[in-house]
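I have placed the structure first, in the form of C-alpha cells, so that the comments after it can refer back to it.
In what follows, chains carry the letters A, B, and so on, assigned in the order in which the sequence lines appear, proteins first and then strands, with residues in each chain numbered from 1. These numbers were taken from a predicted model, which means no experiment stands behind them.
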Protein chains: 2
Amino acid sequence: MLKRKTVTKSLECKVRITAITDTMQVLSGKWKIHILGTLLQGGKMRFMDLLREIDGIAAKMLSKELQDLEMNQLVTRTVVDTKPITVEYEVTEYGKTMEPIIDEIANWGVFYRNRLHGKTD
Amino acid sequence: MLKRKTVTKSLECKVRITAITDTMQVLSGKWKIHILGTLLQGGKMRFMDLLREIDGIAAKMLSKELQDLEMNQLVTRTVVDTKPITVEYEVTEYGKTMEPIIDEIANWGVFYRNRLHGKTD
DNA sequence: TGCATTACTTACCAATTGGAAACTAGTTTC
DNA sequence: GAAACTAGTTTCCAATTGGTAAGTAATGCA
C-alpha cells in the first residue's frame with residue numbers, strides 16, 4: 001500500500017515544531033511578552049517602575065516572570081547600592097533578538113482591531 | 001513636582017499593549033500556532049489528517065482549538081459529502097496574515113537551539 | 001451482524017496558572 | 001518610634017488548561 005505523503009512529519013517540519021514549542025516555552029505565561037516589550041522601550045528599569053508601568057501585574061508575578069527571563073538570559077538583574085537599594089532590569093543583546101517577534105505580534109494586533117470595526121463596516 | 005516621564009503609559013504604548021494582548025488571546029493555548037503552522041504548510045487538511053500530523057494533540061483539543069480558530073476567521077471548516085463524511089480545514093486569507101508571526105517564532109526557536117549547544121561550544 | 005472509519009462530544013480529573021493579601025527586611029524620613 | 005519606600009516572598013485560593021477515556025452517530029465493508 002502506498003503511504004500517504006505526510007506534510008509535517010519531515011525532518012524540516014519536526015524542527016519547525018520543536019522551534020515553535022521552544023519559543024513559546026520561553027515566552028510562556030501572561031506577562032513575559034509585556035515585560036520584554038516594556039523593557040525594550042524603557043531601557044533600564046527598576047522593579048517598581050515595571051510594577052507601575054505594566055498594568056494589572058502583581059508583584060509576585062513580576063518577580064517570577066523576571067526570574068524566568070533572567071534564567072533564559074533575556075534580561076539582566078543588577079542590584080544598585082542606592083539609599084533604599086534598587087534593582088535594575090535590562091534586556092540583554094540576546095533578549096533583543098525577541099524584538100521582531102514582539103513587533104510582529106503587536107502589528108498583527110493592530111491589524112486585527114482595524115479589521116474588527118475598521119474599514120469593512 | 002516634576003512627573004517622571006512614563007514610558008509605556010503613552011497612548012502609543014497602550015495601543016501596543018492592547019495589540020499584544022489581542023494577538024496572544026487569538027493564539028492562546030498550547031496548540032493554535034501548531035495547527036495554523038501545519039495548515040499553512042499542508043493547505044486543505046481533514047480532521048483526521050491534523051490529528052495524525054500534530055504530534056500529541058487529542059481529538060478534544062483539536063476540535064476545540066479549530067472552533068476557536070474558525071470563530072476568529074483564521075480557518076474555514078467545510079463538510080465534504082464523501083462516503084464517510086469528511087471535514088476540510090483551510091487557512092483563510094486573513095489567517096495567512098499570521099504567517100510572519102509564526103515564522104518569526106520558528107526562526108527564534110532555531111536560533112535558540114543553535115545558541116544552546118551550537119557554534120559557541 | 002459486527003467491526004472500521006469519520007468527526008466529533010462528554011465526563012472526569014489533575015496540573016498549572018495566576019490573583020489577592022499579608023508578610024519580611026533593610027533604610028530613610030518625620 | 002512610626003510610617004514609608006525599596007524589592008521582594010509566602011500563603012492561600014480559584015479559574016483555566018489540558019489530558020484520558022469513553023461515547024455518539026452516520027456510513028461502508030465482509
Side-chain angles (χ1 to χ4, degrees), chain A residues 1-4 6 17 20-22 24-36 38-39 42 44-72 75-90, chain B residues 1-4 6 17 20-22 24-36 38-39 42 44-72 75-90:
Chain A
M1 193 201 260
L2 271 176
K3 252 188 193 164
R4 199 177 174 288
T6 50
I17 286 171
I20 290 172
T21 306
D22 285 348
M24 293 320 286
Q25 217 151 293
V26 171
L27 292 179
S28 68
K30 197 174 167 182
W31 299 107
K32 290 202 188 71
I33 295 182
H34 289 302
I35 295 172
L36 239 64
T38 305
L39 278 174
K44 270 196 188 86
M45 292 180 79
R46 289 176 301 150
F47 187 84
M48 278 295 149
D49 288 342
L50 286 166
L51 202 57
R52 276 184 286 254
E53 297 279 358
I54 302 172
D55 209 50
I57 198 169
K60 177 188 124 182
M61 276 298 119
L62 181 56
S63 172
K64 197 213 127 211
E65 299 291 68
L66 282 169
Q67 278 172 29
D68 288 356
L69 291 171
E70 206 195 339
M71 264 198 299
N72 282 310
V75 306
T76 52
R77 196 188 100 110
T78 317
V79 178
V80 185
D81 198 19
T82 43
K83 314 85 185 282
I85 80 155
T86 52
V87 179
E88 280 177 354
Y89 291 93
E90 197 176 10
Chain B
M1 190 202 261
L2 270 177
K3 252 190 192 163
R4 200 176 172 287
T6 49
I17 287 171
I20 290 172
T21 306
D22 285 349
M24 293 320 285
Q25 215 151 293
V26 171
L27 291 180
S28 68
K30 197 174 167 181
W31 299 108
K32 290 204 188 69
I33 296 183
H34 289 303
I35 295 172
L36 237 58
T38 306
L39 278 174
K44 269 196 189 84
M45 292 180 79
R46 290 177 300 150
F47 187 85
M48 278 295 149
D49 288 341
L50 287 166
L51 202 58
R52 277 184 286 254
E53 298 280 359
I54 303 171
D55 211 50
I57 198 170
K60 178 187 122 181
M61 275 299 120
L62 181 55
S63 173
K64 197 213 127 212
E65 300 289 68
L66 282 169
Q67 278 172 30
D68 289 355
L69 292 172
E70 206 195 338
M71 266 198 299
N72 282 310
V75 306
T76 51
R77 196 189 98 110
T78 316
V79 179
V80 186
D81 197 19
T82 42
K83 315 88 184 280
I85 80 154
T86 53
V87 179
E88 280 177 355
Y89 292 92
E90 197 176 9

Tell me what [X] touches on the nucleic acid: a base, only sugar-phosphate, or nothing, going by heavy atoms under 4.0 Å.
X: B:Q67; value: sugar-phosphate
X: B:G29; value: sugar-phosphate
X: A:K64; value: nothing
X: A:A58; value: nothing

Please determine, for the side chain of [X], which listed nucleotide ([options]) has the closest atom?
X: A:K60; options: C:dT9, C:dA20, C:dT6; answer: C:dA20
X: A:T86; options: D:dG19, D:dT6, C:dA7; answer: D:dT6
X: B:R52; options: C:dT6, C:dA7, D:dG18; answer: C:dT6

Please compare B:Y89 and A:I57 by the position of their nearest nucleotide in DNA chain C and report the one closer to 5'.
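Its nucleotide being nearer the 5' end, the pick is B:Y89.
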Residue whose nearest DNA chain C nucleotide is more 5′ - A:A59 or B:P84:
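On the 5' side of the pair lies B:P84.
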In Å and rounded to the nearest 0.5 Å, what is the OG1 to CD1 distance from A:T38 to A:I33?
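Rounded to the nearest 0.5 Å, the OG1-CD1 separation comes to 11.5 Å.
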As an exercise, state the distance from CD1 of A:I57 to CD1 of A:I35, rounded to the nearest 0.5 Å.
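Nearest 0.5 Å value for the CD1-CD1 distance: 4.0 Å.
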Specify the separation, in whole Å, of atom CG of A:D68 and atom C1' of C:dT16.
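Rounded to whole Å, this separation is 13 Å.
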Does the side chain of A:R77 get closer than 4.0 angstrom to OP1 or OP2 of D:dG8 through an N or O atom?
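It does, given that an N or O in the side chain of A:R77 lies less than 4.0 Å from OP1 or OP2 of D:dG8.
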So which heavy atom on A:I20 is nearest to which on B:H34, and how close?
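That closest heavy-atom pairing would be CG2-CE1, 3.6 Å.
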Residue pair A:R77 / A:Y89: nearest heavy atoms and the distance that separates them:
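Looking at all heavy atoms of both residues, the shortest contact is CG-CE2, 3.2 Å.
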